[in-house]
Amino acid sequence: MAVEADAFSLREVLAAFQTCVTEQREVLLGPYLRGWRGLIRFLHSLGAIFSFVSKDAVAKVQIMENYCGGEQREKYVSLQSMVEYELASGLVDLQKRSGRPDSGCRTVLRLHRALRWLQLFLEGLRTGTEDSRTSVICTDSYNASLAAYHPWVIRKAATVAFCALPSRNAFLEIMNVGTAEEAVAMLGEALPYICDVYGITQELFAQHKLLDLP
Ligand SMILES: CCCCCCCC/C=C\CCCCCCCC(=O)N[C@@H](COP(=O)(O)O)[C@H](O)/C=C/CCCCCCCCCCCCC
């Protein structure tokens, strides 16, 4: 599999997630979506077998970028302001989907669940050994997170695609942060920021009973 490295640097993704959280513990949507754009660039480099995943991720990031650049853009500065605005304006389908456009809350919820997968996957890569199989790390992380929200056909397609993942060493190399040891160290640095964003979002969505949006 041809993996093009030049488009991706874990450092950039880390910087985006690092600048997401403000002193007031708000999650800023600008850097949050920049982090996702960086991850999607990486996904593209893994080849066509992951295009069904990247298409969905791009569509969701695009929905959010449209809100962030739209008429109500000041309401979409942070996750907190978005939740407050969309709930107060009755824009969120809480029980079942209506003809309304996808809300920011339901769209972010999908990305948020995927962030949990990412957290587990990166932790698996970090703590794995040279001969750990990324397909196994990825499948385990997926089964412990996103799989619960996907129908059988998506779970199957995802599991098949995971088998095409490059080796752990190749992954560490394409992070573009130096040697394998340096990449592992960088993962150790990146993970707390991703965990922090995940934790704040989880708490916010739980508080507003938004964790099961249709
Ligand atoms: C150097 C290491 C860095 C690792 C970088 C990983 C890059 C990963 C980039 C993106 C992650 C995938 C994001 C997927 C978002 C999925 C959101 C979702 O759950 N969507 C479903 C529900 O949406 P609605 O129907 O309710 O609108 C949708 O049905 C899903 C469709 C596509 C399939 C999603 C499969 C997810 C597999 C996640 C693992 C990706 C494997 C990447 C391998 C590294």
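Read the numbers this way: they start at 1 and go in the same order the structure lists the ligands and their atoms.
The two residues Glu86 and Cys105 have their closest heavy-atom pair at OE1-N, 2.9 Å.
Taking 4.0 Å as the cut-off between side-chain N and carboxylate O, Arg37 and Glu65 count as a salt-bridged pair. Salt bridge absent: Asp131 and Arg168 never bring a charged side-chain N and a carboxylate O closer than 4.0 Å. We find that Asp102 and Lys60 are not joined by a salt bridge, their nearest charged nitrogen and carboxylate oxygen being 4.0 Å or further apart. With respect to the salt-bridge test (charged N to carboxylate O, under 4.0 angstrom), the residues Arg106 and Asp93 do not qualify.
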Run through all N or O atoms in ligand 1 and write down each protein N or O closer than 3.5 Å, as a pair with its distance.
residue, atom, partner, partner atom, Å
ligand 1, 19 (O), His150, NE2, 2.7
ligand 1, 20 (N), Asp56, OD2, 2.8
ligand 1, 23 (O), Lys60, NZ, 3.2
ligand 1, 26 (O), Arg106, NH2, 2.9
ligand 1, 26 (O), Arg110, NE, 3.0
ligand 1, 26 (O), Arg110, NH2, 3.4
ligand 1, 27 (O), Lys60, NZ, 2.9
ligand 1, 27 (O), Arg106, NH1, 3.0

With ring pair (Phe, Tyr, Trp, His ring centres under 6.0 Å) as the test, would you mind laying out the steps for Tyr76 and Tyr67 before giving the verdict?
CA-CA 7 Å; Tyr76 289 87; Tyr67 283 128; 4.9 Å; yes

